[in-house]
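Not measured: the values here are computed from a predicted model.
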Amino acid sequence: MIKNIYLPLTLFNTTSSEKYLNKITNIMSTNSMKEIDKLIIGDIFKFIKLEQEMPKLMEKEELMHYSCPTLIIAGEKDIFFPANRLNKVAREIISNLIAFKTLDMGHFPSEEHLIEINNEIKEFLNTHYEYRVK
């Protein structure tokens, strides 16, 4: 994380060089980041103070009364939430984890992965909830 995100982020914030922004966004998206998203990410890094402890980590006790059927879709190459680590922790704290799908993607999915993710979500909702998605 330090080599792939923190160092290029520090250099980007110091120099505003697209070279460092490209390094960060390529890692985050496994080289599939759209140009508009790259510009948005650059603006976020330049103008927004990001929380260090984001997102808040959930504890098992906080999910004690959560019982909804749950689907998690994770990226095998997600630098922040790698699927193998997320899968282990999620199974320990989410009592009704029905499905854990992994895709060969980073933190930001490609257009093709977005289509696949939307289809997985529709199928899951149609199977486990009364709401029907077309």
Side-chain angles (χ1 to χ4, degrees):
M1 182 88 82
I2 289 172
K3 182 183 97 179
N4 291 322
I5 298 292
Y6 185 72
L7 185 59
L9 178 57
T10 302
L11 292 168
F12 173 71
N13 284 333
T14 305
T15 66
S16 294
S17 170
E18 193 170 325
K19 170 183 162 183
Y20 299 115
L21 181 60
N22 286 336
K23 280 187 172 210
I24 298 165
T25 56
N26 285 342
I27 288 290
M28 291 171 72
S29 69
T30 59
N31 301 310
S32 65
M33 182 82 61
K34 292 184 290 187
E35 197 59 36
I36 185 71
D37 293 336
K38 191 182 300 182
L39 294 171
I40 293 168
I41 296 287
D43 285 347
I44 289 170
F45 289 153
K46 277 191 232 177
F47 304 114
I48 306 289
K49 183 178 188 287
L50 298 174
E51 298 285 328
Q52 292 296 317
E53 299 298 321
M54 185 179 83
K56 178 190 173 300
L57 298 177
M58 297 298 293
E59 301 290 334
K60 188 172 187 167
E61 295 77 35
E62 293 175 280
L63 296 172
M64 184 185 277
H65 301 292
Y66 176 76
S67 61
C68 297
T70 302
L71 161 69
I72 294 177
I73 301 173
E76 292 175 8
K77 297 175 184 168
D78 188 326
I79 192 155
F80 302 114
F81 307 101
N84 60 342
R85 290 180 56 207
L86 184 59
N87 189 6
K88 180 181 181 299
V89 173
R91 291 192 185 283
E92 290 172 3
I93 66 171
I94 300 173
S95 64
N96 204 10
L97 181 58
I98 302 294
F100 190 99
K101 305 282 183 171
T102 60
L103 299 176
D104 186 25
M105 64 180 190
H107 191 68
F108 286 87
S110 67
E111 288 295 319
E112 295 80 24
H113 284 124
L114 285 174
I115 293 167
E116 189 174 352
I117 289 167
N118 284 335
N119 289 335
E120 290 284 351
I121 292 169
K122 287 177 192 175
E123 183 180 324
F124 184 83
L125 291 175
N126 286 335
T127 302
H128 297 284
Y129 291 86
E130 291 181 26
Y131 181 76
R132 294 289 176 223
V133 183
K134 295 180 183 182

With a 4.5 Å heavy-atom cut-off, do I5 and M28 have their side chains touching? yes
Is the shortest side-chain heavy-atom distance between N119 and E116 below 4.5 Å? no
Can you confirm whether R91 is buried at CZ, in the sense that more than 12 heavy atoms of other residues, nucleotides or ligands lie under 6.0 Å from that atom? yes
Taking I41 as the starting point, is it possible to reach F47 by hopping between hydrophobic residues whose side chains are less than 4.5 Å apart? no
Side-chain heavy atoms under 4.5 angstrom apart, residues restricted to Ile, Leu, Val, Met, Phe, Trp, Tyr: same cluster for Y6 and F108? no
Same cluster (ILVMFWY, side-chain, under 4.5 Å), L9 and L39: no
Keeping Y129 on the side-chain end and P69 on the backbone end, is there a donor-acceptor pair under 3.5 Å? yes
Side-chain donor or acceptor of N26 paired with backbone N/O of N22 under 3.5 Å: yes
Mind listing the closest non-hydrogen atom pair of I72 and A90 along with its distance? CD1-CB, 3.5 Å
Paired with K77, the side chain to side chain donor-acceptor pair (under 3.5 Å) test is passed by just one of T102, D104, T30, namely D104
Report yes if some heavy atom in the side chain of P109 is under 4.5 Å from a heavy atom in the side chain of I117; otherwise report no. yes
Would you indicate whether K60, at its atom NZ, is surrounded by more than 12 heavy atoms from other residues, nucleotides or ligands within a distance under 6.0 Å? no
Give the cluster check for I40 versus I48: same hydrophobic cluster or not, with ILVMFWY residues linked at side-chain heavy-atom distances below 4.5 Å. yes
So that I can tick it off, tell me whether K38 and E18 are bridged by a salt bridge, with the cut-off set at under 4.0 angstrom between side-chain N and carboxylate O. no
Just wondering, do T25 and D37 contact through their side chains at under 4.5 Å, heavy atoms? no
Using the rule that Ile, Leu, Val, Met, Phe, Trp and Tyr join whenever any side-chain heavy atoms are under 4.5 Å apart, tell me whether L63 and L97 fall into a single cluster. yes
From E120 atom CD to H113 atom NE2, the distance as rounded to the nearest 0.5 Å: 11.0 Å
May I ask you to test the F100-L86 pair for a side-chain heavy-atom distance under 4.5 Å? yes
d(D78 CG, I73 CD1) to nearest 0.5 Å is 13.0 Å
Please round to the nearest 0.5 Å and tell me the distance separating atom CG of N87 and atom CD of E92. 10.0 Å
More than 12 foreign heavy atoms under 6.0 Å from OH of Y66: is that the case here? yes
Distance (rounded to the nearest 0.5 Å) between L7 CG and Y20 OH: 8.0 Å
Calculate, to the nearest 0.5 Å, the distance between atoms CE and CG belonging to M105 and L114 respectively. 8.0 Å
Sub-3.5 Å donor-acceptor pair from the side chain of T70 to the main-chain atoms of C68, do we have one? yes
Can you check side chain to side chain contact (heavy atoms under 4.5 Å, CB included) on I98 and L71, steps first, answer last? CA-CA 6 Å; I98 302 294; L71 161 69; over 6 Å; no
Quick one: CE on M64 to CD on E62, what's the gap to the nearest 0.5 Å? 10.5 Å
